[in-house]
Amino acid sequence: TDDEATRGVEAAGGALTLARRAREYLFRATGLQPYLLNLVCYFLFAAAATSGRDLPPLSDVEEAIEDKLLSSESYFTDYMSLAGSATPVLRAVAAAERGAHARRYVSLSEIQRQLRRGGETMDSATLRTTLDELCQRERPLLQRAPNAPDRFQTVIGMLGEHLIRRATL
């Protein structure tokens, strides 16, 4: 939960305090996954120690994710194996999210459009089944909007970004 993640970030005895926007971005990007939270916090702590800043700004969080994590395949190996054959669907959700800046959840039609742009074809029933399965896993990779069952978002924001980048290599 957000509260558990906040306690985890603050467990360093006040050595690493994040502004609200930086913390929200960190939580969305990592999906509250302890492994990813710890990695980003480690990089933030190391940067704070050399910069002399007590309160890392949002730009430091973005830089830690962009420069340290997204550039390395090794941080995503476990998550990639969890995605398995559903990787194109997960990538399509992430691409649709990228185009929907003001909204957190994207529609089935937006996901289908991104699949087609990526050269994938999938009928609506198969797509719905795949989206449902990605939401219902023990370690879900997608979540459904609370009040709109046909809208989805990635749980781990940086995983979606990683998938998009990987597709363009």
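Between the CZ atom of R98 and the OG1 atom of T154 there is a distance of 11.5 Å, given to the nearest 0.5 Å. If you take OH on Y105 and CG on N147, they are separated by 8.5 Å, rounding to the nearest 0.5 Å. A distance of 10.0 Å separates CG in D132 from CG in L142, rounded to the nearest 0.5 Å. Rounding to the nearest 0.5 Å places CG of L26 at 12.0 Å from CG of D60. Between T121 atom OG1 and L115 atom CG the span is 9.0 Å, to the nearest 0.5 Å. For the atom pair CG of L36 and CG of L159, the computed distance is 8.5 Å after rounding to the nearest 0.5 Å.
The two residues P140 and R137 make their nearest non-hydrogen contact at CD-O, 3.3 Å. Across all non-hydrogen atoms, the minimal contact from Y79 to R139 is CE2-NH2, 3.5 Å. Residue G160 comes nearest to A94 through the heavy atom pair CA-CB, 3.4 Å, listed as atom of the first residue, atom of the second, then distance. Shown here for R104 and Q143, the closest heavy-atom pair between the two residues is NH2-NE2, 4.3 Å. Taking each heavy atom of L163 and R91 in turn, the nearest pair found is O-NE, 3.2 Å. Nearest heavy atom pair, residue D123 against residue A125, reads OD1-N, 3.1 Å.
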Report task. Kindly indicate, with the supporting measurements, whether the criterion side chain to side chain contact (heavy atoms under 4.5 Å, CB included) is fulfilled by M158 and T30. Result -> CA-CA 6 Å; M158 74 170 80; T30 62; 3.6 Å; yes

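For R144, the CZ atom counts as densely surrounded, since its 6.0 Å shell holds more than 12 non-hydrogen atoms of other residues, nucleotides or ligands.
For the pair D150 and R128, the minimum side-chain heavy-atom distance is below 4.5 Å. Considering only heavy atoms from C-beta on, D78 stays 4.5 Å or farther from Y35 through its side chain. V93 places none of its side-chain heavy atoms less than 4.5 Å from the side chain of L141.
With sequence neighbours left out, F76 forms a ring-ring contact (aromatic ring centres under 6.0 Å, His included) with H162.
Between R28 and E24, none of the side-chain N atoms (NZ, or NE/NH1/NH2) sits under 4.0 Å from a carboxylate O, so this pair counts as no salt bridge.
In this structure a side-chain-to-backbone donor-acceptor pair under 3.5 Å is missing from S72 to L69. A donor-acceptor contact shorter than 3.5 Å is absent between the side chain of R151 and the backbone of A145.
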